[in-house]
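A quick write-up on the structure given underneath.
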Amino acid sequence: MSKTIKAIFLDVGNTLRVLTDNEPHQARARKRITELVGTDESPESFIEKVNLRYKEYRKWAFTNLKEAAESEMWTRWLAPEFPKDRIAANGVELTYQYRQSMGYRVVVPNGKEVVIELFKRGYTLGLISNVITSQEIPDWLRDDGLESYFTSVALSSVLGIRKPDPAIYLYAANQAGVDPSECVYVGDNLNRDVTGTRQAGFGMVVILISPEKLKGSEFSEENTPDAIIHEFSELLEIFPAYPQLSEKNIRTVSSINR
């Protein structure tokens with residue numbers, strides 16, 4: 001068996017970047033949020049309130065497979081009691097700071113090197129991510145010098161649709177100018193990242209998952225990926241320096257579970 005893969009699309013959270021604790025970083029973000037909102041409430045108390053409201057927003061987003069605009073998220077869910085004009089005007093910055101209040105995000109080990117090597121091997125690269133902020137990922141790509149490696153960046157915060165809606169995958173493939181059947185998606189969620197990719201007609205899906213989490217996972221016809229990896233760097237074992245994959249390149253679920 002062989003597959004022609006021309007484009008590799010990556011998830012961001014828990015795939016290319018991971019969240020780490022950094023209390024000084026998080027404290028600065030909490031303080032900035034209260035300044036932007038204009039509240040005298042302590043940053044810690046206010047963030048607790050926002051976190052509870054964010055859970056309600058996520059229920060809406062998951063149910064509808066939609067992502068609200070940042071201004072709407074804050075005026076409707078996270079800070080509805082404050083002046084609407086002020087909150088809407090600060091929506092982008094509030095969302096960015098709220099993400100920072102959760103922790104500090106870093107690229108996975110060898111992540112940058114793997115991206116550059118895949119690009120050198122001739123693959124078109126893209127990002128497809130469910131993320132509430134329109135600012136964070138573009139800023140990170142620019143600051144880390146990765147911006148030029150990605151032809152397509154599809155963010156739910158910009159498009160208003162979330163994975164597993166196949167529309168977000170199809171948008172990314174179209175933006176990259178590659179037929180979906182010649183695209184692969186690399187994610188970390190067996191259900192969300194496999195089902196939407198399949199419905200969009202992507203040629204392949206790879207799941208990055210720890211051995212511990214894999215042991216507790218249940219596979220079905222709908223959520224079984226073509227390949228499973230435990231480290232991001234293993235992508236270099238699957239994707240050689242040409243867009244033709246042979247059976248030996250693909251670490252299937254059955255071989256992983258033996």
Side-chain angles (χ1 to χ4, degrees), residues 10-107 127-144 146-147 150 152-165 167-168 171-172 188-189 192:
L10 305 171
D11 181 31
V12 179
N14 295 320
T15 301
L16 184 51
R17 299 174 85 204
V18 292
L19 188 67
T20 62
D21 290 327
N22 185 317
E23 179 51 34
H25 176 84
Q26 293 168 251
R28 285 193 295 272
R30 292 193 295 265
K31 184 174 184 298
R32 181 58 179 152
I33 288 170
T34 58
E35 292 171 349
L36 289 167
V37 169
T39 179
D40 293 329
E41 193 171 351
S42 73
E44 291 71 25
S45 175
F46 186 68
I47 285 298
E48 285 184 12
K49 184 185 301 181
V50 171
N51 287 339
L52 290 174
R53 293 171 174 178
Y54 181 62
K55 290 181 180 179
E56 292 304 310
Y57 166 73
R58 281 177 64 84
K59 289 180 183 178
W60 174 86
F62 276 56
T63 299
N64 295 281
L65 295 185
K66 294 185 181 297
E67 201 78 81
E70 289 152 286
S71 58
E72 182 188 3
M73 183 172 64
W74 284 90
T75 57
R76 180 177 171 185
W77 282 280
L78 303 187
E81 71 271 37
F82 293 91
K84 187 172 183 178
D85 289 347
R86 176 192 179 102
I87 298 304
N90 289 318
V92 172
E93 179 66 13
L94 279 166
T95 308
Y96 175 82
Q97 294 297 339
Y98 183 52
R99 289 268 296 177
Q100 306 317 302
S101 76
M102 300 173 187
Y104 185 73
R105 290 166 178 82
V106 298
V107 176
L127 298 175
I128 304 174
S129 178
N130 282 349
V131 61
I132 59 174
T133 168
S134 61
Q135 178 182 341
E136 181 184 295
I137 290 178
D139 284 0
W140 155 63
L141 289 174
R142 184 188 62 249
D143 293 345
D144 273 17
L146 289 172
E147 192 174 29
F150 292 98
S152 172
V153 177
L155 308 178
S156 62
S157 55
V158 175
L159 299 175
I161 49 178
R162 292 174 55 89
K163 299 180 297 180
D165 188 331
I168 195 169
Y171 173 90
D188 68 291
N189 188 293
R192 180 180 61 238

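The analysis underlying the following values was restricted to heavy atoms, covering all of them including side chains, and did not include hydrogens, waters or symmetry mates. Along the sequence shown, residues carry numbers from 1.
- For Lys59, the salt bridge (charged side-chain N to carboxylate O under 4.0 Å, His left out) partners two or more places apart in sequence, or in a different chain, are Glu56.
- Note that the CH2 atom of Trp74 and the CD1 atom of Ile33 stand 5.0 Å from one another [nearest 0.5 Å].
- Rounding to the nearest 0.5 Å places OH of Tyr98 at 6.5 Å from CG of Leu78.
- In this structure, Glu136 pairs ionically with Arg17, as a charged nitrogen and a carboxylate oxygen lie closer than 4.0 Å.
- When all heavy atoms of Ser134 and Val158 are compared, the pair lying nearest together is CB-CG2, 4.0 Å.
- For the atom pair CG (Asn130) and CZ (Arg192), the distance works out to 5.5 Å, reported to the nearest 0.5 Å.
- Side-chain polar atoms of Ser157 and Glu70 form no donor-acceptor pair below 3.5 angstrom.
- In plain terms, the two heavy atoms of Lys66 and Tyr57 that are nearest each other are O-OH, 4.4 Å.
- Note that the CG atom of Leu159 and the CD1 atom of Ile128 stand 10.0 Å from one another [nearest 0.5 Å].
- Between Asp11 and Leu16, every side-chain heavy-atom pair lies at or beyond the 4.5 Å cut-off.
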Could you check Ile161 against Tyr171 for side-chain contact (heavy atoms from CB on, under 4.5 Å), going step by step and ending with a plain yes or no? CA-CA 10 Å; Ile161 49 178; Tyr171 173 90; 5.6 Å; no

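- A search for salt bridge (charged side-chain N to carboxylate O under 4.0 Å, His left out) contacts involving Glu67 returns Arg162, not counting sequence neighbours.
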Test Arg28 against Arg32 for side-chain contact (heavy atoms from CB on, under 4.5 Å), laying out the working first. CA-CA 6 Å; Arg28 285 193 295 272; Arg32 181 58 179 152; over 6 Å; no

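- The two residues Ala172 and Ser152 make their nearest non-hydrogen contact at O-OG, 3.2 Å.
- The structure places CD of Glu93 at 9.0 Å from OG1 of Thr95, a figure rounded to the nearest 0.5 Å.
- Note on ring orientation: taking the six-membered ring where Trp is involved, the planes of Trp60 and Trp77 are tilted (angle from 30° to 60°).
- A salt bridge (charged side-chain N to carboxylate O under 4.0 Å, His left out) with Arg30 is found for one member of Glu35, Glu41, Glu23, Glu48 and no other, namely Glu23.
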Checking side-chain contact (heavy atoms from CB on, under 4.5 Å) for the pair Ser129/Leu155: CA distance, chi angles, key distance, verdict? CA-CA 5 Å; Ser129 178; Leu155 308 178; 4.1 Å; yes

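- Within the 4.5 Å cutoff, the side chain of Val153 has no heavy atoms near those of the Pro138 side chain.
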Check the pair Val12, Val131 against side-chain contact (heavy atoms from CB on, under 4.5 Å), reporting the backbone distance first and the verdict last. CA-CA 9 Å; Val12 179; Val131 61; over 6 Å; no

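- In this structure, CG on Leu36 lies 7.0 Å from CD on Gln97, to the nearest 0.5 angstrom.
- Arg105 forms no cation-pi arrangement with Trp140, by the criterion of a distance under 6.0 Å to the ring centre and an angle within 45° of the ring axis.
- Shortest non-hydrogen contact noted between Asp165 and Leu65 is N-CD1, 4.0 Å.
- Between Tyr54 and Met102, the shortest heavy-atom distance links the atoms CE2-CE, 4.3 Å.
- Closest of all the heavy-atom pairs between Arg53 and Pro80 is NH1-CD, 3.6 Å.
- No more than 12 heavy-atom neighbours from other residues, nucleotides or ligands sit within 6.0 angstrom of OH on Tyr104.
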